[in-house]
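First comes the structure, then the notes that go with it.
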Amino acid sequence: MYSEAEVSIRRSNWESFRGNRHRRLWARDAHRTLTAGLFLGMTLLLVSSASAQRTQLKPGWNKFSPQDDVNLGKRAAADAEKQLPSCNAPRVDAYLTQLGTRLAQKLPTGGVQYPFEFHCVNDKAINAFALPGGYVFVNRGAIEAADNEGQLAGVMAHELSHVALRHGTNQATKAMVAETGLGIFGAVFGDSAGGALLTTLGSFTAGGVLLRYSRTAESQADVMGTQVLYDAGYDPRALAQFFEKLDAETKGKNPPEFFSDHPNPEHRVERVDEEVEKLGGAPANARRDSAEFESIKREVLALPVVKKPVPGAAGAVSAPAPPSRNFAEYRASSYTLKYPDNWKKYPDSDGSGVSFAPESGVLDDGSGHSALAYGLIIGVSQAKGDPSDSGALHSATDQVIQDLQKSNPSMKITRQGERLRLNGQPGLSAYLTNVSPAGGQETDWVVTVLRPEGLLYFVCVAPQSSYDKYDKTFSSILDSVRFQR
Ligand SMILES: [Zn+2]
């Protein structure tokens with residue numbers, strides 16, 4: 001009990017620490033420069049005309065040293081190993097290490113030697129992450145989802161690029177400055193205080209900021225990952241192909257976990273293709289698969305499935321009863337809808353919105369505020385524009401999502417901008433993740449429609465681990481919406 005209390009205090013400090021991150025002071029663009037080599041003469045060009053044109057990427061602004069990356073990553077990795085179920089398969093770890101090391105040898109680290117480590121996590125969710133300093137964790141789900149070795153190598157090359165580009169501590173640097181302001185920055189980073197800071201950041205639970213990449217960072221990791229694949233002899237398109245495949249397979253559905261840690265940048269595939277072009281195209285004899293990969297994949301598929309512990313399950317929180325199949329009607333001034341009749345309705349005090357949640361779907365967030373863990377929130381935000389004007393709908397939706405993120409600093413967009421219709425009206429759909437008040441992560445499905453009274457938004461909320469059980473209910477509720485003309 002004692003340690004649990006301690007964790008939650010740390011978390012709440014962390015949340016408030018991260019709360020200011022929406023200030024977003026630095027939206028750095030991908031660092032693109034042509035090498036000076038172009039001007040050194042024809043001979044150089046002839047030797048390697050392709051590599052002379054590849055995109056040059058360098059780590060962004062960072063107040064941590066590469067050695068800090070290693071110290072920090074090492075602590076966070078030790079923590080992650082305690083919390084995440086291992087595949088317990090030495091052959092799989094050895095394979096990941098061999099493949100990862102081969103890729104890491106082609107990684108431009110600017111001369112820094114990182115102590116690369118590769119771990120297989122017994123988690124079916126399609127995901128992988130790398131902590132600063134080179135500690136790479138690959139979920140079994142990612143190995144299972146890869147069609148060939150090239151695709152797995154693509155995921156790993158992408159992760160390794162986050163390490164080389166030092167995106168984790170670059171994010172942490174920006175977060176620290178947003179919190180403390182430049183004035184006392186030096187004091188916070190002063191040598192002895194650095195230790196305490198590393199402790200805070202090094203904790204894997206608190207370390208969300210180390211894995212919270214911007215879309216620019218994602219695009220950079222794609223580009224460098226593509227170069228690494230190419231240099232290691234793989235088909236450099238494998239990386240984009242894997243992400244494209246994941247995206248296509250889950251279109252319109254709850255996206256794979258990978259995209260919550262690695263938000264899909266715009267034009268992902270086009271950007272990678274562009275880089276492949278600069279590298280001189282995919283080599284004809286590029287490596288795609290190996291017998292070893294196929295054998296490792298079979299071994300992974302046969303591993304016992306570890307059920308994810310549902311945080312909080314051991315405590316007072318018990319999951320609500322499943323949504324009833326009988327529906328009750330709700331009438332707002334401008335629309336009606338139907339909701340499961342075993343859910344309660346909670347009108348906003350100012351009358352502008354309403355929430356629906358099952359019994360025990362609304363929890364105390366630990367600080368005396370109630371937080372909805374399961375259910376639906378409906379609100380209206382001020383927005384003007386022709387309901388069929390997609391530009392107005394997009395910008396009003398972006399605004400609502402930004403507002404949601406302001407009050408929920410851990411909220412991340414995993415998918416957005418997909419069109420749908422709600423009672424015939426054009427709408428937009430987005431998926432986000434957030435820390436669930438029930439423990440673990442939650443999925444938030446946001447649907448927006450422009451109405452004469454403003455932007456009407458629906459936020460469907462459930463913990464990630466049980467989202468599939470609510471998905472149908474949310475769709476039924478949204479299908480039942482009828483606007484008054
Ligand atoms: Zn990424």
Side-chain angles (χ1 to χ4, degrees), residues 27-31 55 57-60 62 69 73 76-77 80 96 100 103-104 107-109 114 116 118-119 121 123 125-139 141-143 145-146 150-172 174-175 204 207-229 236-247 250 255-272 275 410 412-416 431-433 441:
R28 286 174 73 97
D29 280 316
H31 193 93
T55 304
L57 292 159
K58 293 213 170 55
N62 205 313
D69 277 30
L96 289 178
L103 297 167
L107 190 70
T109 61
Y114 291 112
F116 294 104
F118 302 89
H119 303 269
V121 182
D123 185 339
I126 303 169
N127 206 354
F129 66 92
L131 292 163
Y135 304 86
V136 181
F137 292 78
V138 180
N139 279 4
I143 302 173
Q151 291 188 354
L152 176 62
V155 173
M156 292 174 76
H158 173 102
E159 296 303 331
L160 288 168
S161 302
H162 281 309
V163 174
L165 290 163
R166 306 187 57 216
H167 284 146
T169 46
N170 168 252
Q171 282 293 114
K174 291 190 254 181
F204 177 66
V209 74
L210 295 174
L211 299 173
R212 197 177 172 201
Y213 306 125
S214 65
R215 286 190 160 72
T216 304
E218 282 312 305
S219 193
Q220 290 181 345
D222 281 355
V223 169
M224 185 177 279
T226 301
Q227 297 169 348
V228 168
L229 276 187
R237 294 164 306 190
L239 180 147
Q241 279 166 359
F242 184 62
F243 296 151
E244 198 181 27
K245 166 190 132 114
L246 286 188
D247 197 46
T250 59
E257 204 174 285
F258 186 85
F259 294 132
S260 53
D261 287 342
H262 304 271
N264 234 343
E266 276 189 13
H267 312 301
R268 179 162 228 162
V269 173
E270 289 86 337
R271 185 63 192 88
V272 166
E275 193 63 24
S410 308
K412 295 186 268 188
I413 302 167
T414 47
R415 167 168 281 163
Q416 70 182 132
Y431 283 91
L432 299 95
T433 59
Q441 290 284 306

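Counting convention: from 1, in listed order, for ligands and their atoms alike. Just so we're clear, the structure is a prediction, and the values are computed from it rather than from any experiment.
In terms of the side chain to side chain contact (heavy atoms under 4.5 Å, CB included) criterion, residue partners of Asp247 (sequence neighbours excluded) are, by chain and number, Lys251, Phe259, Asn264, Arg415. Evaluation of the side chain to side chain contact (heavy atoms under 4.5 Å, CB included) rule for Ala157 yields Val228, Leu229 as partners, not counting sequence neighbours. Residues passing the salt bridge (charged side-chain N to carboxylate O under 4.0 Å, His left out) test with Glu159, sequence neighbours excluded: none.
To the nearest 0.5 Å, atoms CD (Glu218) and NE2 (His158) are separated by 4.0 Å. Rounding to the nearest 0.5 Å gives a distance of 10.5 Å between OG1 of Thr55 and CD of Gln220.
Under the 4.5 Å side-chain criterion, counting only non-hydrogen atoms from C-beta, Phe258 is not in contact with Asn139.
Any protein N/O/S atom under 2.8 Å from the Zn ion (ligand 1) was counted, giving 5 altogether.
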